[in-house]
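One structure is given here, and the rest of the page talks about it.
Whatever order the structure lists them in is the order used to number ligands and atoms, beginning at 1. Predicted model only: the values in this text are computed from it and were never measured. This chain uses plain numbering: 1 for the first residue, then up along the sequence.
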Amino acid sequence: MSSQFDQFYNRKNGGSYKWDSSPVKSDNLIAMSVADMDWPLAKDIEQGLMERVKGGIFGYDAPPANYYDSVINWMKRRHQWDIKKDWIILTSGVVMSINVAVQSLTNKGDAIIIMSPVYYPFSMAVVKNDRQLITTSLVQEEDHYDLDFEDFEKKIVDNDVKMLIFCHPHNPIGKAWTREELKQIGDICQKHDVYVVSDEIHMDFVYAPKKHIPFVSVDPSFEEFTITCTAASKSFNLAGFYTSNIVIPNNKIRKMFQAGLERNGASHCTNLGMAATALAYEKCEDWFDEVHHYIEDNIHYMDNYLKNNIPVLKMTKTESLYLTWVDCRELGMDDQALNDFMLNKAHLFLDEGVLFGQEGSGFMRFNLACPRVTLEKALNQLKIAVESL
Ligand SMILES: Cc1ncc(COP(=O)(O)O)c(C=O)c1O
């Protein structure tokens, strides 16, 4: 059955980072890098924004009247997560908010832990704010990764770690953390007074039988030390609207975070971003269910394709995200050669695994939020390139 997501939209030379920042320009180059989707807005968002823009006044606005309910109801409906209006702080992006959390809750020189490989702005938020970066390496099993809890706790104790920046679900490895894992992580952080900044921006993209469980919801006591970062931006392809919802149940932490935003003059986000978020959460659930399903099919398609046609490349079990993490180490190339091969032989612009930490050496991250034709073409190009070796 055909889907609205089968439609191909040409983004080349349209100003998108994903398509236009490739170091190699060739006609057959396919971009599967930066985490956005190659599809336009859901019709109800487009329509709602047109109405807002037409004759609209764009001064400094508070969130629209239905804003908070739209967020609260989405979290309740989709994730059985009860949040209160007072807990939500609107910001202009998750990465900015992680930086503000680092600045507000820790001091220069403090140790902050991340689980590597992980979304690279995490390490940047630590290092660029003059904090000490502590890394626990996720352990690669056959087709997935696990946390080495012993190493995690030891690093926390040995370095007097003050904060964990946590990725849930975990970009780039596609792991959807289980309740048991979350509880164990939370217990360790609680025991050693470690704040948890839980980046759950990809929360809506978890595939059955797995289910997203917000970290802070695992135990009421986790509310005392957790900041949860959410946004509609990944789920509805709204990244360019720079709007996110940071959920902080604890009063003291919320005030510290809010003060940090104010110190940076960063307490506002855009009228259209707020409008788009409310429209998405209120009116576009069907659109989301369809795109979720479509991407899940893309994941299965790629998994089967690699197994049947390019078995030398191994896809990590993709329980979540619209990104997939592929082990290319059997090609026997160093990272520079691997990236050159992808760009110049397979004509694919991907995210290099090593960007996400040394543990990502020999891996590539593919973005599957694209029409099936794009994926088919990309995989055919990849097959031809690998066969030519
Ligand atoms: C884990 C994670 N956090 C945050 C972001 C970006 O968030 P924002 O655009 O709100 O800064 C991304 C984008 O890819 C991401 O993968």
Sorted by chain and residue number, the residues with a non-hydrogen atom under 4.0 Å of ligand 1 are Ala35, Gly93, Val94, Val95, Tyr119, Cys167, Asn171, Asp199, Ile201, His202, Lys234

Taking only distance into account, with no hydrogens and no angle test, what donor-acceptor pairs under 3.5 Å do side-chain atoms of residues 55-66 form with protein atoms, sequence neighbours excluded?
residue : atom : partner : partner atom : Å
Asp61   : OD2  : Arg52   : NH2          : 2.8
Asp61   : OD2  : Asn271  : ND2          : 3.2
Asn66   : ND2  : Glu282  : OE1          : 2.8

List in chain and number order the residues that pass side chain to side chain donor-acceptor pair (under 3.5 Å) with Lys383, two or more places apart in sequence or in another chain; answer none if no residue qualifies.
Glu387

Between His212 and His168, is the gap from one ring center to the other below 6.0 Å?
yes

At what distance, to the nearest 0.5 angstrom, does CD1 of Ile98 lie from CE of Met124?
11.5 Å

Positive for side chain to side chain contact (heavy atoms under 4.5 Å, CB included) with Ile134, one of Asn159, Asp158, Ile156:
Asn159

List in chain and number order the residues that pass salt bridge (charged side-chain N to carboxylate O under 4.0 Å, His left out) with Asp38, two or more places apart in sequence or in another chain; answer none if no residue qualifies.
Arg11, Lys18

